[in-house]
Amino acid sequence: MPTTFIHGGTVVSPTGSQLLDVLVSDGTIVAVLQPGSTALAADLTSSADTAIDATGKYVIPGGVDGHTHMEMPFGGTFASDTFETGTRAAAWGGTTTIVDFAVQNPGMRVQDTVAAWHDKAAGNCAIDYGFHQIMGGVDADSLKGMAELVNEGITSFKLFMAYPGVFYSTDSQILRAMQEAAELGALLMMHAENGIAIDVLVEQALARGDTAPYFHGTSRAWQLEEEATHRAIMLAQLTGAPLYIVHVSAKQALAQIAQARGEGQNVFGETCPQYLYLSLEEQLGAPGFDGAKWVCSTPLRSREEGHQDELWRYIRTGDVATVATDHCPFCMKGQKDMGIGNFANIPNGIGSVEHRMDLMFQGVKDGRISRERWVDVCATTPAKMFGMYPRKGIISPGADADIVIYDPNGHNSIGLEKTHHMNLDYSAYEGYEIDGHVDTVLSKGSVIIDQGAYLGTKGHGSFVKRGLSQNLI
Ligand code: URP
Ligand code: ZN
Ligand code: ZN
């Protein structure tokens, strides 16, 4: 049984940070030791198969990105990262588990779409992965299928209040799916934007000749995110379904979530680094067609209106429970450029699965959040939220040895298309510099990233059969 001994580092968890040594055997954390407290530690430094000196570094649980879309079919094309390229890029950035979305459209059986996603992922991933189920066609058959999926470890279901004619669910479909989720104890995930109203604003913008990417943002107004969020919360309250609102970008939507949480409802907010750092004015409003790089939904919000600062605050209060990437990359050439002359034809999505841990650590450096909250929103709470704790998301005996050794005094230039590992022909974070660095990454005890070298293998990652959410109030 191969052993690894990580010594001298500061183990960071949501409850605190402590100088601790970590012993790994056969892919699992078997002990967390007070340095020098036993003769064992001195022994292990010389006798372990691998000894890693983490002096001056943070030892954190591998990141859990609860929202990715590898190879997602969208707008007549597919997200440009495969499970192979996307999970390798995730590993480079210190993420060791992703939860991706199997996609069901009307008329498809959810069981078949899960089988298709298993086929795409199996044997291709560098890190572990699980699946959520997108239900784009809520009907008697898909509702019945939910129970089967829960038994197979797919315990969360995403519905859309946006994208009429594609993924959109009516209120009656939402109500039925929530009733089923409540019955099963499954998590109902919601893309909360009023798509019917958005489509009118899109049509009016195009009729006025406002065809540039900027108008993607203005036609998806915050009022339509707030309204949909409120409606989803009310329907969840009525049915008793636990509700997880994905990719929240409007401060008003978060105020709705905070209010519901204050009243004790099982409602959780997810945001993404793009909503914390990027804006309607600077990115979507970039000259020419450049803003297409940042077309995603919900959209980037106005910095003048103060959404970014409020989102950071809601991370501190806990009303933002998790930070995921919503990694859904499309290249400018051959994909985003389908929308030249009509922003509505730009495939929606941003790629950043490689940068989430770094971008959120920058929040620690900038005094936005504590290092403990960094670990919490990026690893521990996503693991709990999606039924993988304590196997994932914590440095603790019995957990999978998914470990990142992070240098808080390191440096990473994340904004270079030439050096990132995602299959994406631009960087959404051009020019961004990070005051920290992912030094070493272990996945199930194997070192897969070490000081700038990729040592992982395709097929090392395996499917995680998830339980029900462990994060309910
Ligand atoms: O723009 C986005 N978010 N693309 C991915 C699909 C989704 O709605 O999550
Ligand atoms: Zn969505
Ligand atoms: Zn998404």
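Keep in mind that what you see is a predicted model, and the values were worked out from it rather than measured. We count ligands from 1, going down the list as the structure has it; atoms in each ligand are counted the same way. The chain is numbered in sequence order, starting from 1.
- Ligand 1 has no nitrogen or oxygen under 3.5 angstrom from a nitrogen or oxygen of Thr298.
- In Asp326, the N, O or S atom that comes nearest to the Zn ion (ligand 3) is OD1.
- At a heavy-atom distance under 4.0 Å, only side-chain atoms of Cys328, from C-beta outward, approach ligand 1.
- A cation-pi geometry, defined here as NZ or CZ lying under 6.0 Å from the six-membered ring centre and within 45° of its normal, holds between Lys158 and Phe101.
- With a heavy-atom cut-off of 4.0 Å, His327 does not touch ligand 1 at all.
- Aromatic ring centres of His67 and His247 lie closer together than 6.0 Å.
- Taking every heavy atom of Cys296 and a limit of under 4.0 angstrom, the matching atoms of ligand 1 come to 1 (O).
- Looking only at N/O/S atoms, His191 comes nearest to the Zn ion (ligand 2) through ND1.
- A pairwise comparison of heavy atoms in Val64 and Ala383 identifies CG1-N, 4.2 Å as the closest pair.
- The salt bridge (Lys or Arg N to Asp or Glu O under 4.0 Å) test with Arg301 singles out one residue from Glu226, Glu310, Glu225, Glu281, and that residue is Glu225.
- Looking at Asp326 against ligand 1, only its side chain comes within 4.0 Å, counting heavy atoms.
- Under a 4.0 Å criterion applied to the non-hydrogen atoms of His69, ligand 1 contributes the atoms 5 (C), 6 (C), 7 (C), 9 (O).
- Scanning the protein heavy atoms around atom 4 (N) of ligand 1, the nearest turns out to be Asn348 O, 3.1 Å.
- The shortest heavy-atom distance from Phe160 to ligand 1 is under 4.0 Å.
- Judged by a 6.0 Å distance limit and a 45° cone about the ring axis, Lys120 is not positioned over the six-membered ring of Phe83.
- Among the atoms of Lys158, an N, O or S atom falls under 2.8 Å from the Zn ion (ligand 2).
- In summary, the aromatic rings of Phe131 and Phe463 are positioned with their centroids under 6.0 Å apart.
- Seen from the Zn ion (ligand 3), atom NE2 of His69 and atom NE2 of His67 lie 100° apart in angle, a value rounded to 10°.
- Under a 4.0 Å criterion applied to the non-hydrogen atoms of Lys158, ligand 1 contributes the atoms 7 (C), 8 (O), 9 (O).
- Minimum interatomic distance between Ala186 and Phe157 (heavy atoms only, all atoms of both residues): CB-CE1, 3.8 Å.
- Atom 1 (O) of ligand 1 has as its closest protein heavy atom Ser297 N, 2.8 Å.
- Under a 4.0 Å criterion applied to the non-hydrogen atoms of His191, ligand 1 contributes the atoms 8 (O).
- Between Trp117 and Tyr129, the ring center distance fails the sub-6.0 Å criterion.
- Ring-centre distance between Phe167 and His191: not below the 6.0 Å cut-off.
- The aromatic ring centres of Phe289 and Tyr214 sit 6.0 Å or more apart.
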